[in-house]
Every structure is written in structure tokens, then in C-alpha cells.
Protein chains: 4
Amino acid sequence: MANSEFGYVRNFEQPDALPPSNWIVVRIDGRGFTKLCKKYDFEKPNDRRALDLMNAAAVEVVRSFVDVVLAYGQSDEYSFIFHEATAIFERRAAKLASSIATAFTAEYCMQWSEFFPDQPLARPYPTFDGRCVCYPKRKILRDYLSWRQADCHINNIYNTTFWNMVLKGGMSNTEAEHALKGTVSADKNEILFSKFGINYNNEPMIYRKGTAVYRSYGAGPAINGVSGQVKTADAASKTQLEKEKKRKQKASIVVEHVDLIGDAFWDSHPYILASKRGEDCGE
Amino acid sequence: MANSEFGYVRNFEQPDALPPSNWIVVRIDGRGFTKLCKKYDFEKPNDRRALDLMNAAAVEVVRSFVDVVLAYGQSDEYSFIFHEATAIFERRAAKLASSIATAFTAEYCMQWSEFFPDQPLARPYPTFDGRCVCYPKRKILRDYLSWRQADCHINNIYNTTFWNMVLKGGMSNTEAEHALKGTVSADKNEILFSKFGINYNNEPMIYRKGTAVYRSYGAGPAINGVSGQVKTADAASKTQLEKEKKRKQKASIVVEHVDLIGDAFWDSHPYILASKRGEDCGE
Amino acid sequence: MANSEFGYVRNFEQPDALPPSNWIVVRIDGRGFTKLCKKYDFEKPNDRRALDLMNAAAVEVVRSFVDVVLAYGQSDEYSFIFHEATAIFERRAAKLASSIATAFTAEYCMQWSEFFPDQPLARPYPTFDGRCVCYPKRKILRDYLSWRQADCHINNIYNTTFWNMVLKGGMSNTEAEHALKGTVSADKNEILFSKFGINYNNEPMIYRKGTAVYRSYGAGPAINGVSGQVKTADAASKTQLEKEKKRKQKASIVVEHVDLIGDAFWDSHPYILASKRGEDCGE
Amino acid sequence: MANSEFGYVRNFEQPDALPPSNWIVVRIDGRGFTKLCKKYDFEKPNDRRALDLMNAAAVEVVRSFVDVVLAYGQSDEYSFIFHEATAIFERRAAKLASSIATAFTAEYCMQWSEFFPDQPLARPYPTFDGRCVCYPKRKILRDYLSWRQADCHINNIYNTTFWNMVLKGGMSNTEAEHALKGTVSADKNEILFSKFGINYNNEPMIYRKGTAVYRSYGAGPAINGVSGQVKTADAASKTQLEKEKKRKQKASIVVEHVDLIGDAFWDSHPYILASKRGEDCGE
């Protein structure tokens, strides 16, 4: 940026680099999606096309940000997890949140017509806000993902029951809301089964578990490098990082509806939250 | 968001509300636009279609965020000025920056085909990062705008000279770069005039001054209210605010290429930076 | 600090410079002063020795920090106002707050025996926490000072009435508390006058208004320079700043119990909040 | 604080709670101690009385802040480590830094005359600035302590050699400085031994290693509880916390000059960095 007598205004910019050695979650949320659902007549309780579009957008975002180790989405939100050692954008919060949110928004808008071929997008176009949150330990990051997946479950069992009561049970929205007040999961399971013949556990995984997106490596070594470093990298390791970046760019990207709360997923994919080589902090 | 044993992870979210009584600039910048210019063969030194697209996107963003009092753009950047008294999103920085950046990105992508009908967008789609900066005084905010407009001027006179030397003067890029090293504006004016018969001051205003976007009110009173308040609003003023919001939504939006450094523009548009009713801080 | 393989830990330090062109208030508050009052048997409702000690400590802090334009104290708190253009400690918040708080604490402890000659200090020694708050406009800064002075008034009229009821009126603490519940200032004035023959407006100013501490200049020019600048200072102005610093160090320091809410004080002391030469932001 | 029309100024206070599950270091540094050393004629290269005073002050600070698990000091600085799970002052940075800094300052001033009986303190009184830094993992916290102890070593071997050259070797300050330029530790060891008959490794540990201050528990169980919790504590655990607080207050406080870089100290004092009961984050 050119210099001038006005250049002093740059001093008002505040630094916003996130602290090192923290997992960075960038969570994006659909803005005004309640209206958007109505406008495009999304199916209730879940619109498969809308979720497929969310996931398709997420795949492209994961593909283009190689330091994202995992993304998890449900409803109109998606969380992108950056490795704790990432140096992308010098870890600046505004740059991270806005780059992810705009990449997601662009994909969502541009892919819309593939998923909703009969409903051209009209203003206001779909957009997503984004924010960064830092998690200092692996266990807490896993608790974050568990929190979002538990949220998915709680909302989905409620919505599934509510919309069955309304669409098949002939209740008004207010009646259904009232009937569900104070119920726990077991009650809703019972209502679904006894009144509508639905075994909730047979509902599609995508609705019950949400969606995880991550890289899958074939037979190669499963070290999870990142494209930057807190400590100074020597020439050798730079070449190494470059190699790992290419390896990631070539990796296939997996879209799965899987439990993230238990240990099974993590035990079978140890590389996802693995330390960067030589950077294990004893955790 | 549903409650669970994992809900404690919310405590890791850091508050990011910007301080009251500061003008908030949200500046967005094109990501990787050097590559994008080449990919779509943008004209040098300025591509009118690309600038028109930037401005068309900015108009829609200004239209949908009624607390934006002015936007200023040049090259692949745009600054959106929120009134110092805005209460939008409780002034949260990440929400502001990402909402503006995604709204702009969506407009840019969706309107692309109108401005580049023969060049369909392909991945990576255009995106913009965004950040917030606070300016505590009107004068400093004006210096911010002057800074961006001076930047526009300095870059444009350089680029205009450079590309004339290359495209009409037959120089290589390196030769032109070398020839311009150490020159001041007067030198470039002279080169343009003597070698290429160009009077720089006759170049289009959009290239030399960039673009300002703002609301224009007809004959009505020129009070600049905002959709929220630092101090508690009583019932009467809420109605009043609602009225002002509607008035703004109906206002026509002006796109101008005009000097913002001198006083003339501001003297003739006093409402743009006017205080909210009863909120003048003696500045 | 010496370099080593461990030096990377410095990257965890977060920058905390306060934004330019904001008045900086450093407010210190006595820690655990309720206990301290009992321990040293402070007089109720006001202990003149304790207030005099607070003020004596504040005078020394103002003397040693030449960029403090005014300090205001009441009860066990003191606010030190730094000029909006100060460059002290590069405006770093932790450095500012802790330097002022420790300077005040040291003075308070070291001067204690002059004000309480018969009560030697014992652990826990008196300490003060400190914090910084930024105010972007003069008017808001004045509102801050009005807020603290209004707080002084409200607390003092309550305490004066309460302790008269207890000490002279023979009420228990609980009875007095109960009797005062829901009363406004006029009620308390009436109680004081009718029951105890006290005209509240004749109470000492130090109790009713708190204490302002600032520099007084004799006949000299009343420009309020600061020891640093946002914009680059040339050689001449550096000499000038040095001169102003010396002038401030020689200025006498005034301790006054005076109304800060109205305009009179500010009209008669325009230099206190005056702009730095050539730095007026049009406020 | 009393309410009034001015109360809106509180909205300018920015939240500054440090993120949960991070070890908090509050480091204090003597302000202007180069001058203070000269004023009170501190011995070179180390003044034992001054270090003993620093350590005596630190002991009292550790005693009164039960969530401090370890303090480490050298020269005119001290680092106080708060357990990663501390809830003291809601983890607010300014409150933490200023409370520790003023407590240390008060102790330093009040104990001065015990260590320097013949040199009464005069203005400017000794003060200390303070700042907070967060460390997300135990290993990084240990690297922080190693960094400070390595700094102590590097400075002390330099100062020991320098002052021997000046005081015993008859060099001027400039000559000694020049002679030491570019030397490594081995060179300085050699100079000390060959010219002054000093085996550096026999120098007192307090000078070579600095000082660690921590609680020592007798035969009791070695669980390191803290006085607050991130997660909600039930009644039982509150009683438990209260017990642990009392246990800590009764614990004796150890002052040691010991290596903190290797594992030996930590292996023999596992409770110092132990997790809070039921709060291990898998690190």
C-alpha cells in the first residue's frame, strides 16, 4: 500500500494473531437460513439436497485449505479444524474466518443449481458468518466436536418427532410444540415408534450424526504435517513440508456420517489429530 | 444450541465486540486476484468490466446493510464504513467482517456472468478476506478514506505509465519497471504526455479516483439515524429508528467517482457523517 | 533477553497496545479495603487521614507520569487520565496499568506512617488493582469523570445519613439500612437536616466531590504537549517536547475538591484536555 | 457502582478474561532498576541482599495467592505460575497482573529496611510492571521456565566475567566489554579460571540458577487442587476445594536454587504441575 501523509491510519489496525499451539476451529453459520428454508421450500425435518450442498461446499473448502485436518457439519453450520501448528495467514483471526466463510459461500452459491436445478437463487443470496475459536488441547477439541454432534442429535430427534406430529399426525405447530415440552429423548423415541412406526435409530446417519470431511491417504505413511511451523524450519524440512502439501493435495477427500463422540473413529484415524513431526508437546 | 456435558467448550469463545463510539471500517480484499486477473485476461492497466462488477456488488451490500454510511472501492478492495453508533451484530468484529465479506463474495460470483458473459467462472472461485478497523474521530476516518484514495492515485498513475510503455512503447516489463524506478508523479505525467500523448488528468475518473457508494435522499430531512443505539432508546425513538430504516431502504444508492480528500464532497453531503440525533459527542 | 532454544515461548506473548487517539483512563481500586478499614479502625462515614493519604499518593504518581493530565479520586479508588496522544510505554495496557498501580501502592505504603503514625502497617499490606479503559472523545471522557463524581455523591450522602443514624441516632446497622431502602437524595437531605441538624451542602467538599489532582502553570502559555506523538516528530518538535516535559516537571501540582460535572472547571482550565499542538482531530 | 445518566461509559470497558485451560504466567520486572542499583550501590555482579529481598517478597506473594503453583525469579524479575485451571479473578488479565505486581511491590518496599538497614528508601520508590502470558501445554510452560533459567545463566556468566575483569583485572568497562565480544560460555569459563582462579561451577547456585519458590507438603496426599473450577463444582467438591485451600495455606513454602531445565526436579515434585482432580485433558 502506497505511502502518504495519511498512512498513519494504519496504526489503528489491531493485531489479531491467534496464540500458537492451539487447535483453531473456524465455524461458519448460515445467515437468515430460517427465511431461506421457507423461500426455497426445504423439506422438513431434513432436506437432503440442502445437506448435500453443504457437504459439497465443505469438500471444496477442505481441498483448498490443506491445513484443515477435519471438517464437521450439521444443519446450516460447518466447523473447519486447523492443525494446532498451522501457520496459515500467520494465524490471523479475521483473515482465517473471512477466507473460510467466503470460500464456503462462493461454493454454496455456485453449486446451488446442481442441487436445486428448478429453483434459481434470488436475492438475498445465501451467506455465512464465520468466527475462530482456539482449543489448547486435543481432548478439548474432541469435546468441541462432541458438543456439535450432540447438538445435531438433540435437534434432529426433536425435529423428526415434531414434523411427524405435524405432517403425519395432523397436529398444528403449536400443538406439537406443546406436546413435546419437557420430553426427553426416550419419550421422543417412544412417540416416533408407537405413533408413526419409526425406529429413530434407523433414520439416515447423515441426519442423526451430521457429516465429517477429511483426507484419506492410501498406503503411505500417516504423518500429519502442516504447511508452516512455529519454530524455524531449516531447508530440509521446507522441502519436506512441500512434499507433504503435495501429498495432501493428492489425497482423496472422504465424506462420512460417523460417530465422533466415542474413541473408535479416532483410534482408526490417528493421523488426523497427530502431532507435527518433532513438535509433540507431551500432550 | 443444545446443552450437554460438552457445553463447557463455549467458554473458549472470546468476546470481540468493538468499542462504542468508533467508526467501523470493514475492508475486503480480493484473495489471489493477481492470478485471477491473468486467468480471465483482465485488461491492463484497468479492466472496466471488473471494476463495474466490484461496484455492482458493493451497491447490493450497501443496500442490505443500512448502517453503512459510505463505501469506497478501488482495484480489488472495498471499504464499508459503519456509522460510529451502529449496534449491528452488537458490533462483534468477526460477525461484521465475515457477513460483509460473504455478502460481497456472493454478489461478485452471482453477478459475474453479467459482466463477463463469455467467461464462465471456474474454480478457484473469487473470494475476499475482510477485517474491521475502528476510527475514533471523524477526521481520522476521513484520513482513512484519503489514504485509500491516495493509494488509488499512486497505483493508477504508475500502472497507466507502465502499461503504456509495455503495450504501446514496446518495452519489456523489466525495462518499464526499471525506467520507472525513482520517478515521481510529475515524471510519469511527463512520460505519458510526451511519449504517448496522454493527459493523465483526462483519464476516466473511475480509474483515477476509485468509486464511492452511498445513499441519496430526495427532498427529505437529512438526518442520519442508525438502526441501533449506545444509549437506551425509548419507545418513541424506536418508532423513529424504524422509520429511518425504511427511509434508508427506499433511498436511491449513488455510485460516484469523486474526490474524497478535499472538503467539497463532505460539505455538500453533510448527512453522511452526521451524528445520530442527540448523540453528538462534541467532536 | 538472552536467546536460546527456548526463545520460541516469546511467541505466546500477545500484543496489547491500546488504540491511538483515545484518552486512556487507568483506574486503580483498593483490594480488600473493607477489611482494611476495620483493621485500622477508619472513621465513619469518612476517614480524613485515609483520604489525605490517597491524595498524597496520587500527587506523587501525577508528578512522575508527565502524560497524566488529570487524576480524580474518591473512597479507595483513583483514576489517572493519560492524554489521548500519549506514547508512553507504546500505550501497552499491562505496562500502563501495572506501572501506575505499583507506583500508587508504593507511595501508599511508604507514606502510611505519616498519616497513621500510631498504627504501623501489618500484612496483608494495602494493594491496588489497576485497569485501562479507552475513551475516544473528550465528551465521553468528561462523562466518565462525571460518572465517578456522581458515584462519590451518591455513596457519600448514603453513608453520611446511615452513619448518623447509627452513631448519633442509636439505630442498629440493619435498622438504618432498612430505613434508607428506597429513599432518594431529597429524603436523605431531609433526614440529615431534621434529625441531626446537618445541612448536607455544608459537608466538606472533599467528601462530597472527591479530589482532582492536576498541574498548574503560572503565567506561561497553556499548551498541553505530551511526551510522545502518533505522527513522526521532527527534530525541532522533539526539542519542543523535551521543553514541555521539563515545564511539566516544574509545574506545581494542585489538589482540589471541585465540581467536574458542570462546565465551569473545564472552561477555566482549557489546557487540561487541550489537543497536542497540530494534532486536533476536529473534535 | 452507582447508576446515573453517565453509566453508559462502562460499555467502554473491554473484557480481558484469559482463555481457560492455559497455564498463566504473571511476570513482573523491576522498573528502572539500573538506576536503582547505582543509587543504592548494589554489589557487582550480584548483590546478595537484593536477591534475598526479591525472594522474601516472592515468598509472601506465593503465600497469599494459593493458586500459584510455582514462582521463579532471577535478577529483578519474577514469574508467578498460576495453575491452568485457576478461576481467580475470573482469569481477568489486568486484575491478575496488577494484583501480583502491587503485592510484590508492597512487600519489596516494606521489607527493604530488613535487607538494607543502612539505606533508607527514597523516591522514586522501587516498582514493578507486570504482564500475563498464557501457555496451553505443560511442556511449553516448562520451556518458558527453561527460557528464564537459561537467561539467568547466560547473563550471570557474562556479568561474573565482566566484573572480574573490571574489579580485579583492572580493565575499564569498555575494555572488558570489547574483550568479551563474540565469546561463548566456554571462553568465559576459561577466562574466569585462568585469569581469576574461579571455577564458575562453584559459584553460588542462587546466582547461577536463580530461585524457585513453591509449597511443600509433608506426608499428606500430593493432589494439586485449585481454588476454582472451569466446570461446575458440586457441593461436595466445594468443601473439598476449601479443604485444599486450607491445606495449601498451611503448607510450608520452599525457596530453592535448583535446575528446572532437566527432568529431575519435576520427577521429584509431580504435584506441582499435576492436573486438578478429574480435569486431566489427556495431555
Side-chain angles (χ1 to χ4, degrees), chain A residues 1-10 12-14 16 25 28 31 60 64 89 92-110 121 123-136 140-141 143-155 261, chain B residues 1-10 12-14 16 25 28 31 60 64 89 92-95 97-110 121 123-136 140-141 143-155 158 261:
Chain A
M1 289 179 177
N3 224 337
S4 72
E5 62 178 301
F6 307 117
Y8 81 93
V9 298
R10 294 206 71 174
F12 289 82
E13 295 176 13
Q14 298 275 299
D16 71 340
V25 174
I28 57 140
R31 294 189 55 225
E60 297 307 323
S64 63
F89 306 141
R92 282 178 291 152
K95 190 105 178 167
L96 272 159
S98 60
S99 295
I100 289 284
T102 56
F104 194 92
T105 297
E107 289 290 341
Y108 193 95
C109 290
M110 297 302 289
L121 270 182
R123 280 198 190 92
Y125 297 128
T127 57
F128 296 82
D129 60 41
R131 83 196 62 197
C132 297
V133 189
C134 283
Y135 289 104
I140 305 175
L141 174 67
D143 281 353
Y144 169 81
L145 290 165
S146 298
W147 177 52
R148 300 320 306 138
Q149 193 164 56
D151 187 78
C152 174
H153 166 71
I154 291 164
N155 290 335
I261 298 178
Chain B
M1 289 180 178
N3 224 335
S4 72
E5 63 177 301
F6 307 116
Y8 80 93
V9 299
R10 295 206 71 174
F12 289 82
E13 294 177 13
Q14 299 276 301
D16 70 340
V25 174
I28 57 139
R31 293 189 55 226
E60 296 308 324
S64 62
F89 306 140
R92 282 178 290 152
K95 190 107 177 164
S98 60
S99 295
I100 289 284
T102 55
F104 194 92
T105 296
E107 289 291 342
Y108 193 94
C109 289
M110 297 303 288
L121 269 182
R123 282 200 188 90
Y125 298 128
T127 56
F128 296 81
D129 60 42
R131 84 196 62 198
C132 297
V133 189
C134 283
Y135 289 104
I140 305 176
L141 175 68
D143 282 352
Y144 170 80
L145 290 165
S146 298
W147 176 51
R148 300 321 305 139
Q149 193 164 58
D151 187 77
C152 175
H153 166 71
I154 290 165
N155 290 335
Y158 182 93
I261 298 177

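Keep in mind that what you see is a predicted model, and the values were worked out from it rather than measured. When reading the values below, keep in mind they use all heavy atoms of this one structure, side chains included, and skip hydrogens, waters and symmetry mates. The chains referred to below are lettered A, B, ... by the order of the sequence lines, with proteins before strands, and numbering in each begins at 1.
- The distance from the SG atom of A:Cys132 to the CG atom of B:Asp16 is 10.0 Å, given to the nearest 0.5 Å.
- In this structure, A:Tyr135 has its ring center closer than 6.0 angstrom to the ring center of B:Phe12.
- A:Thr127 and B:Ala106 make their closest contact through CG2-CB, 4.2 Å (heavy atoms, listed as atom of the first residue, atom of the second, distance).
- For B:Arg31, the part lying under 4.5 angstrom from a heavy atom of chain A is the side chain only.
- For chain B, no part of A:Phe104 is nearby; none of its heavy atoms comes within less than 4.5 Å.
- At a 4.5 Å heavy-atom cutoff, the contact between A:Pro126 and chain B is made by backbone atoms alone.
- For B:Gln14, the side chain to side chain contact (heavy atoms under 4.5 Å, CB included) test picks out D:Pro19, with sequence neighbours left out.
- Among the candidates B:Met110, B:Arg131, B:Arg123, the residue making the largest number of heavy-atom pairs closer than 4.5 Å to chain A is B:Arg123.
- For chain B, the nearby part of A:Tyr125 is the side chain; its heavy atoms alone come within less than 4.5 Å.
- For the pair A:Asp129/B:Phe89, no side-chain contact is recorded, criterion being any heavy-atom separation below 4.5 Å from C-beta on.
- Closest approach of A:Thr102 to B:Phe128, counting heavy atoms only: CG2-O, 3.0 Å.
- Of all heavy-atom pairs spanning A:Trp147 and B:Val9, the tightest one is CE3-CG2, 3.5 Å.
- Checked against side chain to side chain contact (heavy atoms under 4.5 Å, CB included), A:Ser64 has no partners two or more places apart in sequence or in another chain.
- Counting heavy-atom pairs under 4.5 Å between each of B:Gly130, B:Ala94, B:Ala103 and chain A puts B:Gly130 at the top.
- Nearest heavy-atom pair, A:Ser98 versus B:Ala101, reported as atom, atom and distance to 0.1 Å: CB-CB, 4.3 Å.
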Intermediate values then yes/no, side-chain contact (heavy atoms from CB on, under 4.5 Å), A:Arg148 and B:Phe6: CA-CA 9 Å; A:Arg148 300 320 306 138; B:Phe6 307 116; over 6 Å; no
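- Only the backbone of A:Cys134 comes within contact range of chain B, with heavy atoms under 4.5 Å apart.
- Contact annotation for B:Ile261: only side-chain heavy atoms (C-beta onward) come within less than 4.5 Å of a heavy atom of chain A.
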